[in-house]
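Reading through the structure tokens given below for one structure.
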Amino acid sequence: MDLFLNAKSVRLRSHHDKYLVADEDEESVTQDRNGSSKAARWTVEFVPGSQTIIRLKSSYNRYLTASNQPFLLGMTGRKVIQTLPRRLDSSVEWEPIREGCEVKLKTRYGNFLRANGGLPPWRNSVTHDIPHRTATQDWVLWDVDIVEIQEKPSANIQHPPPIPHSDSLDFDSPSSISGKSAHFSRQESSDSYVGSPPKSEGRTIYFHVADDSGEVDDEAIEGYSFSFKGNGVDELAHKLKEESGLEDVVVCTRSPLNGKLFPLRLQLPPNNADMHVVLVPSASKVARDFVKLGINP
């Protein structure tokens, strides 16, 4: 917890290289690649009487809140929103838990702050949940950038009494967050903070999802895209599955000669050239045709 003890405000970067931001409607919370805006800054407050439980306040003076509202009917994920409750209860409290070089933020009831990927409506959404699928385990991990350091008060300053807390629960002592990794060493004072994240290197990957016959209805449209810094086909396939939320797919490209789909198997184009790919379900007719032709997808 020494990281948050020294932090006055922070930015949280998700596994998808996007920042946790407070929307201007003063209610929604999403992910965005622009970490330079005030909406990506969260003020750190400690729950009175605890050095292990924090609250995070947005630039709109509202608290990051684990609501009971389902994100989608029939799904386990619950909405994470901004609220300003009359009395601060456990829904606005988060327990940081160290996980390697990153942090998980746990609610007082055992769920974790989760940055969702995949296709809309999941893309860029933020929920609290317990991840069950292996492919989404990393979606609850966050990098923490300290934007502003807490000034140490003088010894002769008297602090006001703590704000009464309406929902006090007894918990065992949580795992201690000790030490600072390289991710946590990027401390920035409010004076020196420029606010513009470093420009990402790599290529842009555009992708569409095909139907059972390999057809794409909206391929003329640019489609979904993300920045990819890797060099290998396997690494790209893994990233595409994360971005799309689909697991059993074959990554394909179109032949420049006849426009037909074929599995991406060799290497990526040189010089970080942008790529257009199509994700074909592994159980689809076109994927079975690959096998008949002796092409192992």
Side-chain angles (χ1 to χ4, degrees), residues 1-22 29-31 35 40-58 63-68 71 75-83 88-117 125-150 165 167-187 242:
M1 284 302 299
D2 54 345
L3 169 70
F4 285 97
L5 282 172
N6 296 326
K8 184 175 181 180
S9 62
V10 298
R11 294 180 303 181
L12 299 175
R13 190 171 71 253
S14 73
H15 177 70
H16 309 291
D17 286 328
K18 298 177 182 179
Y19 293 90
L20 181 73
V21 296
V29 176
T30 57
Q31 302 171 70
R41 292 192 183 193
W42 297 86
T43 301
V44 179
E45 291 183 2
F46 279 86
V47 173
S50 173
Q51 293 188 339
T52 57
I53 306 296
I54 64 172
R55 304 184 187 112
L56 295 170
K57 184 185 288 185
S58 73
Y63 289 94
L64 187 69
T65 304
S67 78
N68 287 323
F71 181 71
M75 308 300 288
T76 58
R78 302 282 176 171
K79 288 184 179 180
V80 172
I81 57 178
Q82 310 171 62
T83 65
L88 300 177
D89 58 23
S90 60
S91 68
V92 298
E93 296 176 0
W94 303 87
E95 176 189 345
I97 299 176
R98 177 73 173 272
E99 187 80 13
C101 296
E102 297 163 305
V103 163
K104 295 192 294 186
L105 291 170
K106 188 173 73 172
T107 70
R108 296 297 293 269
Y109 303 102
N111 284 356
F112 293 95
L113 182 69
R114 183 170 115 162
N116 298 307
S125 66
V126 180
T127 57
H128 63 99
D129 198 355
I130 299 176
H132 298 290
R133 294 168 51 206
T134 303
T136 61
Q137 291 291 321
D138 292 340
W139 292 10
V140 298
L141 298 177
W142 299 84
D143 287 315
V144 181
D145 296 338
I146 296 180
V147 176
E148 190 175 1
I149 299 174
Q150 188 75 259
H165 183 60
D167 190 17
S168 178
L169 300 176
D170 292 330
F171 284 84
D172 294 333
S173 177
S175 302
S176 175
I177 299 180
S178 60
K180 294 186 178 70
S181 68
H183 287 274
F184 299 149
S185 62
R186 296 170 294 182
Q187 296 185 349
E242 286 188 348

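Keep in mind that what you see is a predicted model, and the values were worked out from it rather than measured. Residue numbers run from 1 in the order of the sequence given.
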Can you find a pair of side-chain heavy atoms, one from Leu12 and one from Val144, that are under 4.5 Å apart? yes
If you measure from CZ on Phe112 to CD on Glu99, what distance do you get to the nearest 0.5 Å? 8.5 Å
pair Asp129-Trp139: side-chain heavy atoms closer than 4.5 Å: no
Of all the heavy-atom pairs spanning Arg55 and Pro48, show the shortest one and how long it is. NH2-CD, 3.8 Å
Is any side-chain heavy atom of Leu56 closer than 4.5 Å to one of Val44? yes
Smallest heavy-atom separation, Ala115 atom then Ser14 atom, equals CB-CB, 3.4 Å
Indicate yes or no for a side-chain donor-acceptor contact from Trp142 to the backbone of Leu113 under 3.5 Å, with no hydrogens or angles considered. yes
Partner set under side-chain hydrogen bond (donor to acceptor under 3.5 Å, both in side chains) for Glu45, not counting sequence neighbours: Lys57, Tyr63
Which residues pass the side chain to side chain contact (heavy atoms under 4.5 Å, CB included) test with Lys8, sequence neighbours left out? Glu148, Gln150
Minimum-distance pair of heavy atoms, taken over all atoms of Cys101 and Asp143: O-OD1, 4.0 Å
Heavy-atom pair of closest approach, residues Val92 and Thr65: CG1-OG1, 3.4 Å
Point-to-point distance, once rounded to the nearest 0.5 Å, from CD1 of Ile54 to CG of Leu105: 6.0 Å
Any donor-acceptor pair under 3.5 Å linking the side chain of Trp42 with the backbone of Leu64? no
So do the side chains of Asp138 and Glu102 get within less than 4.5 Å of each other, counting heavy atoms only? no
As an exercise, state the distance from CG of Leu141 to CD1 of Ile97, rounded to the nearest 0.5 Å. 11.0 Å
In terms of heavy-atom contacts, Phe46 and Gln51 come closest through CE2-O, 3.5 Å
If you round to the nearest 0.5 Å, how far is CD of Gln31 from NE2 of His15? 11.0 Å
Does any part of the side chain of Arg114, heavy atoms only, come nearer than 4.5 Å to the side chain of Thr136, both counted from C-beta? yes
Report yes or no: does His128 contribute a side-chain atom to a donor-acceptor pair with the main-chain N or O of Ser67 at less than 3.5 Å? yes
If only atom types and distance count, is the side chain of Ser125 paired as donor or acceptor with the main-chain N or O of Asn116 below 3.5 Å? no
Using modelled atom types only, decide if a donor and an acceptor are shared between the side chain of Gln82 and the backbone of Val29 within a distance under 3.5 Å. no
